[in-house]
J.: 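What follows is a structure written as structure tokens; I'll ask about it next.
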Amino acid sequence: MRSVRFHDYGPPEVLKVDDVPNPEPGEGQLLVQVSAAGISYAEIQIRGGVMEQFAWFPDPPLPHALGFEVAGTVVKVGEGVGDEWVGRKVVGVSPTAGGYSELAVLPVAVAQALPEGLSEHEALALYGQGVVAVGVAEVADIQPKDVVLVEAAAGGVGSLLVQLAKNAGAEVIALARGEKKLALARELGADHAFDYTEADWAQRVREVAPAGVQVVLDSVGGEVSQAAFDLLAMAFGRMVVFGTASGKVPQFDPEQVYVRGVSVTGFGPRVFIQPEYGFRLRRTAFELAAAGSIKPVLGPVFPLAEAAEAHRAFEERVTTGKVILVP
Ligand SMILES: NC(=O)c1ccc[n+]([C@@H]2O[C@H](COP(=O)([O-])OP(=O)(O)OC[C@H]3O[C@@H](n4cnc5c(N)ncnc54)[C@H](OP(=O)(O)O)[C@@H]3O)[C@@H](O)[C@H]2O)c1
């Protein structure tokens, strides 16, 4: 079968379509004929070698087949899995990756039947980024009238966070790069939208939120995080860190945490892979979408052979919403 792999860390061009043996489902696993694979930003960073700087992230053995998020049809089951799974359309996240392929193996424990009323692409967006968005919004404990600052607000997770924060009754300030993304954030309900690649963005936030913002949802890291931390409202401002798209870890002055009475907390895979918690977040994301309360934004779809182009689009920051590969 065809599988997109990289043999060395590097730019998008290191992604190659290789011919590899078909995988076999092991105990408790499903073999899925992939019809769509989601791309998440972490995969861009894994391929680029950015994650190597983080001691907590284990480097995958090379060559590595990327692809956590998978949608498709079950064609075979491993030991201990009932034959009734064969033929089912499922969506899931493979902890061992390999989704950028014609066939992928998914543990039955993380597979779920395609939810009614959602397309495969929407389900993929919700299974990955939707779970993160719901979890981050819960951790932030967004209250009506809070002012919420959302970074990368037109991205996969960010576009859902804008909607979740609006649903909670908050005033939303969206940060993104370029007019197209700012327009999308406004369309999703953001009350204000600023380009954080412009030097005066923090000042513009201060103009609309003179007392600061109650919540920062931080996925960029580096200077953006630092400036966003400085914008937190005194007494109970809350920042949730859930990504470092800039490749730079956020830096804060810990003294400011108690002097200003603010908090910084995190949300990452170690939290949401706890089975019951992750299951609840996923169910919530699907239910909210089914009820029309959130709408996953679908981005560009690339054929498997153009995985490098898809990764380049991410790196050039031209994508909005969920980016998908199809075999
Ligand atoms: N904690 C978790 O468990 C978890 C799980 C999934 C994803 N994440 C994180 O959540 C964030 C969003 O993920 P996503 O998959 O939905 O991606 P995404 O938001 O669709 O894409 C990443 C966005 O980050 C922004 N960005 C800011 N600085 C950047 C830089 N220096 N280089 C490239 N992009 C930059 C870009 O938007 P602008 O051009 O508008 O700035 C880009 O489109 C990422 O940081 C990701 O690592 C965390």
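Order of listing sets the numbers, starting from 1, for every ligand and every atom in it. Side chains are part of it too, since the values below use all heavy atoms of this structure and drop only hydrogens, waters and symmetry mates.
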J.: Considering the options Val262, Val215, Val257, which one meets the side chain to side chain contact (heavy atoms under 4.5 Å, CB included) requirement together with Leu232?
T.: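 By the side chain to side chain contact (heavy atoms under 4.5 Å, CB included) criterion, Leu232 pairs with just one of Val262, Val215, Val257: Val262.
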J.: Between Lys248 and Ala245, is there a donor-acceptor pair closer than 3.5 Å when you use the side chain of the first and the backbone of the second?
T.: no
J.: List every atom of ligand 1 that sits less than 4.0 Å from any heavy atom of Gln129, numbering the atoms from 1 in the order shown and giving each element.
T.: 14 (P), 15 (O), 16 (O)
J.: I need the Ser3 OG to His64 NE2 distance, nearest 0.5 Å.
T.: 9.5 Å
J.: For atom 20 (O) of ligand 1, grab the closest protein heavy atom and report residue, atom and distance to one decimal in Å.
T.: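 Answer, as residue, atom name and distance: Gly156 N, 2.9 Å.
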J.: Taking side-chain contact (heavy atoms from CB on, under 4.5 Å) as the definition, give me every residue that meets it alongside Pro115, ordered by chain and number, with sequence neighbours left out.
T.: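 Val91, Gln112, Leu118, Ala123, Phe286.
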J.: Should one rank Val157, Val240, Thr320, Val50 by closest heavy-atom distance to atom 16 (O) of ligand 1, which comes out on top?
T.: Val157
J.: For atom 43 (O) of ligand 1, which of the options Lys181, Arg177, Lys322 provides the nearest non-hydrogen atom?
T.: Lys181
J.: Assign the ring pair Phe6 / Tyr9 to parallel, tilted or perpendicular, where the plane angle (0 to 90°) is split at 30° and 60°.
T.: tilted
J.: Can a salt bridge be assigned to the pair Arg186 and Asp191 using a cut-off of 4.0 Å between side-chain N and carboxylate O?
T.: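 No, Arg186 and Asp191 are not salt-bridged.
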J.: Taking only heavy atoms of Ser246 into account, list the atoms of ligand 1 that are under 4.0 Å away from them.
T.: 30 (C), 31 (N)
J.: What part of Val224, side chain from CB on, backbone N/CA/C/O, both or neither, has a heavy atom under 4.0 Å from ligand 1?
T.: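 Answer for Val224: neither.
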J.: Provide the number and element of each atom of ligand 1 under 4.0 Å from a heavy atom of Gly243.
T.: 45 (O)
J.: Identify, for atom 11 (C) of ligand 1, the protein heavy atom at the shortest distance, and state residue, atom and that distance.
T.: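 Looking at atom 11 (C) of ligand 1, the protein heavy atom closest to it is Ser219 CB, 3.8 Å.
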J.: Atom 3 (O) of ligand 1: which protein heavy atom is closest, and how many Å away?
T.: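 The closest heavy atom on the protein side is Phe272 CE2, 3.0 Å.
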J.: May I ask you to list the atoms of ligand 1 that are less than 4.0 angstrom from any heavy atom of Thr244?
T.: 45 (O)
J.: Identify the protein heavy atom lying closest to atom 5 (C) of ligand 1, giving its residue, its atom name and the separation to 0.1 Å.
T.: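 Protein heavy atom with the smallest distance to atom 5 (C) of ligand 1: Val132 CG2, 3.3 Å.
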J.: Would you say the side-chain atoms of His311 and Glu43 include a donor-acceptor pair closer than 3.5 Å?
T.: no
J.: Taking only heavy atoms of Gly155 into account, list the atoms of ligand 1 that are under 4.0 Å away from them.
T.: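 Ligand 1 atoms under the 4.0 Å threshold to Gly155: 18 (P), 19 (O), 20 (O).
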J.: For atom 22 (C) of ligand 1, grab the closest protein heavy atom and report residue, atom and distance to one decimal in Å.
T.: Tyr41 CD1, 3.5 Å
J.: Flag this pair as yes if the NZ/CZ of Arg260 is under 6.0 angstrom from the six-membered ring centre of Phe229 and inside a 45 degree cone about the axis; otherwise no.
T.: yes
J.: Heavy atom to atom 21 (O) of ligand 1, shortest distance: which of Phe242, Phe314, Phe267, Tyr196 holds it?
T.: Phe314
J.: Check ligand 1 against Val220 and write out every atom of the ligand that is under 4.0 Å from a heavy-atom position of the residue.
T.: 27 (C), 28 (N)
J.: In terms of atom number and element, which parts of ligand 1 are under 4.0 angstrom from non-hydrogen atoms of Ser40?
T.: 15 (O)
J.: What protein heavy atom sits nearest atom 23 (C) of ligand 1, and how far off is it?
T.: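 I find the closest protein heavy atom is Ala152 CB, 4.0 Å.
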J.: Looking at atom 35 (C) of ligand 1, what's its closest protein heavy atom, distance included?
T.: Arg317 NE, 3.6 Å
J.: Can a cation-pi geometry be assigned to Arg88 and Trp85, taking NZ or CZ under 6.0 Å from the six-membered ring centre and within 45° of the ring axis?
T.: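 Satisfied, under 6.0 Å and within 45°.
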J.: What atoms in ligand 1 come closer than 4.0 Å to a heavy atom of Gly268?
T.: 1 (N), 2 (C), 3 (O)
J.: Can you tell which of Leu149, Val172, Val150 makes a side chain to side chain contact (heavy atoms under 4.5 Å, CB included) with Leu217?
T.: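 Going through the options one by one, the only one that passes is Val150.
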J.: Okay, side chain of Thr244, backbone of Ser246: is any donor-acceptor separation there less than 3.5 Å?
T.: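 Looks like no, no N/O pair under 3.5 Å.
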J.: Starting from atom 24 (O) of ligand 1, what is the nearest protein heavy atom, named by residue and atom, and what distance separates them?
T.: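 Of every protein heavy atom, Ala245 CB, 3.5 Å lies nearest to atom 24 (O) of ligand 1.
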J.: Between CD of Glu69 and CG of Leu106, what distance do you get to the nearest 0.5 Å?
T.: 11.5 Å
